[in-house]
Amino acid sequence: MIMVKALRLKSPAKVNLRLEILKRREDGYHELRTLMQKISLCDILSVSLKKEKGISISTDHPGLPIGRETLSTELLG
(Lines give C-alpha, C1' and ligand atoms only; values in the text may rest on other atoms or scores of the structure.)
Protein backbone atom coordinates (compact mmCIF):
# COMPACT_ATOMS: atom_id res chain seq x y z
CA MET A 1 0.00 0.00 0.00
CA ILE A 2 1.27 3.50 -0.86
CA MET A 3 1.12 5.99 2.02
CA VAL A 4 0.38 9.58 1.02
CA LYS A 5 1.79 12.20 3.42
CA ALA A 6 -0.46 15.01 2.20
CA LEU A 7 -3.25 15.43 -0.30
CA ARG A 8 -3.47 18.78 -2.13
CA LEU A 9 -6.79 19.68 -3.74
CA LYS A 10 -8.12 22.70 -5.62
CA SER A 11 -11.32 24.14 -4.21
CA PRO A 12 -12.89 26.19 -7.02
CA ALA A 13 -14.49 29.53 -6.28
CA LYS A 14 -18.07 30.29 -7.28
CA VAL A 15 -20.37 33.26 -7.69
CA ASN A 16 -23.93 32.99 -6.44
CA LEU A 17 -26.18 34.32 -9.19
CA ARG A 18 -29.24 33.65 -7.04
CA LEU A 19 -29.52 32.66 -3.39
CA GLU A 20 -32.76 32.01 -1.54
CA ILE A 21 -32.79 31.23 2.16
CA LEU A 22 -35.64 28.81 2.79
CA LYS A 23 -36.93 27.22 5.99
CA ARG A 24 -34.84 26.77 9.12
CA ARG A 25 -33.99 23.15 9.86
CA GLU A 26 -34.12 21.45 13.26
CA ASP A 27 -30.30 21.56 13.47
CA GLY A 28 -30.34 25.38 13.26
CA TYR A 29 -29.11 25.63 9.67
CA HIS A 30 -31.29 26.77 6.76
CA GLU A 31 -32.37 25.08 3.57
CA LEU A 32 -30.99 26.95 0.54
CA ARG A 33 -31.87 27.26 -3.13
CA THR A 34 -29.02 28.63 -5.19
CA LEU A 35 -27.87 29.17 -8.74
CA MET A 36 -24.10 29.40 -8.94
CA GLN A 37 -21.36 29.68 -11.54
CA LYS A 38 -17.86 28.31 -11.03
CA ILE A 39 -15.08 30.78 -11.81
CA SER A 40 -11.36 30.34 -12.54
CA LEU A 41 -10.12 31.29 -9.04
CA CYS A 42 -9.49 28.62 -6.42
CA ASP A 43 -8.07 27.85 -3.00
CA ILE A 44 -5.56 25.06 -2.52
CA LEU A 45 -6.43 22.72 0.35
CA SER A 46 -3.80 20.48 1.85
CA VAL A 47 -5.01 17.56 3.97
CA SER A 48 -2.68 15.33 5.95
CA LEU A 49 -2.87 12.78 8.75
CA LYS A 50 -1.60 13.63 12.20
CA LYS A 51 -0.97 11.58 15.31
CA GLU A 52 -3.16 13.67 17.61
CA LYS A 53 -6.94 13.38 17.65
CA GLY A 54 -8.92 16.15 15.93
CA ILE A 55 -8.13 18.59 13.17
CA SER A 56 -6.09 21.75 12.83
CA ILE A 57 -6.46 24.54 10.30
CA SER A 58 -3.76 26.93 9.14
CA THR A 59 -3.69 29.66 6.53
CA ASP A 60 -1.31 32.22 5.09
CA HIS A 61 -4.07 34.89 5.09
CA PRO A 62 -4.10 36.91 8.34
CA GLY A 63 -7.83 37.73 8.09
CA LEU A 64 -9.15 34.16 7.99
CA PRO A 65 -10.31 32.37 11.15
CA ILE A 66 -8.44 29.20 12.12
CA GLY A 67 -9.88 28.37 15.53
CA ARG A 68 -12.96 26.48 16.69
CA GLU A 69 -15.26 29.11 15.12
CA THR A 70 -14.77 27.80 11.57
CA LEU A 71 -17.56 25.78 10.01
CA SER A 72 -15.17 23.05 8.84
CA THR A 73 -13.92 22.57 12.42
CA GLU A 74 -17.50 22.37 13.65
CA LEU A 75 -18.44 19.80 11.01
CA LEU A 76 -15.32 17.64 11.31
CA GLY A 77 -14.34 18.12 14.94
Side-chain angles (χ1 to χ4, degrees):
M1 179 190 320
I2 298 174
M3 293 296 292
V4 177
K5 291 186 180 183
L7 179 63
R8 291 175 55 89
L9 303 167
K10 288 184 179 180
S11 178
K14 63 172 175 59
V15 174
N16 285 315
L17 303 173
R18 180 180 174 123
L19 176 63
E20 285 182 74
I21 301 172
L22 305 174
K23 67 178 183 173
R24 187 179 180 122
R25 304 184 324 204
E26 289 182 17
D27 61 6
Y29 293 98
H30 289 84
E31 296 287 336
L32 301 175
R33 181 179 296 137
T34 183
L35 175 61
M36 63 183 93
Q37 175 63 50
K38 190 168 78 169
I39 59 175
S40 61
L41 301 174
C42 69
D43 288 324
I44 303 294
L45 303 177
S46 179
V47 181
S48 59
L49 295 175
K50 54 185 224 174
K51 293 180 182 179
E52 304 84 26
K53 182 179 178 182
I55 66 169
S56 62
I57 298 174
S58 61
T59 179
D60 60 356
H61 190 288
L64 295 178
I66 57 172
R68 298 291 304 168
E69 69 275 8
T70 65
L71 184 57
S72 57
T73 302
E74 182 180 331
L75 294 172
L76 299 173

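Bear in mind that the values here come from a model prediction, so they are computed numbers and not experimental data.
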Would you say I21 has more than 12 foreign heavy atoms packed within less than 6.0 Å of its CD1?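 No, not enclosed.
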Look at atom CG of D60 and say whether more than 12 heavy atoms of other residues, nucleotides or ligands are closer to it than 6.0 Å.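 For D60, atom CG is not crowded (no more than 12 foreign heavy atoms under 6.0 Å).
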Could I get the full list of salt bridge (Lys or Arg N to Asp or Glu O under 4.0 Å) partners for R24, not counting sequence neighbours?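 Applying salt bridge (Lys or Arg N to Asp or Glu O under 4.0 Å) to R24 gives none.
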In Å, rounded to the nearest 0.5 Å, how long is the span from CG of L7 to OG of S48?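 Those atoms lie 9.5 Å apart.
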Full working for side chain to side chain contact (heavy atoms under 4.5 Å, CB included) between H30 and K23: CA-CA 6 Å; H30 289 84; K23 67 178 183 173; over 6 Å; no
Identify every side-chain donor-acceptor pair in residues 34-43 under 3.5 Å, counting partners at least two apart or on other chains, and give the distances.
from: T34; atom 1: OG1; to: N16; atom 2: OD1; distance (Å): 3.0
from: T34; atom 1: OG1; to: R18; atom 2: O; distance (Å): 3.1

Partners meeting side-chain hydrogen bond (donor to acceptor under 3.5 Å, both in side chains) with R8 (sequence neighbours left out):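 So R8 forms no side-chain hydrogen bond (donor to acceptor under 3.5 Å, both in side chains) with any residue.
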K10 vs I44, test: side chain to side chain contact (heavy atoms under 4.5 Å, CB included). Steps then yes/no. CA-CA 5 Å; K10 288 184 179 180; I44 303 294; 3.6 Å; yes
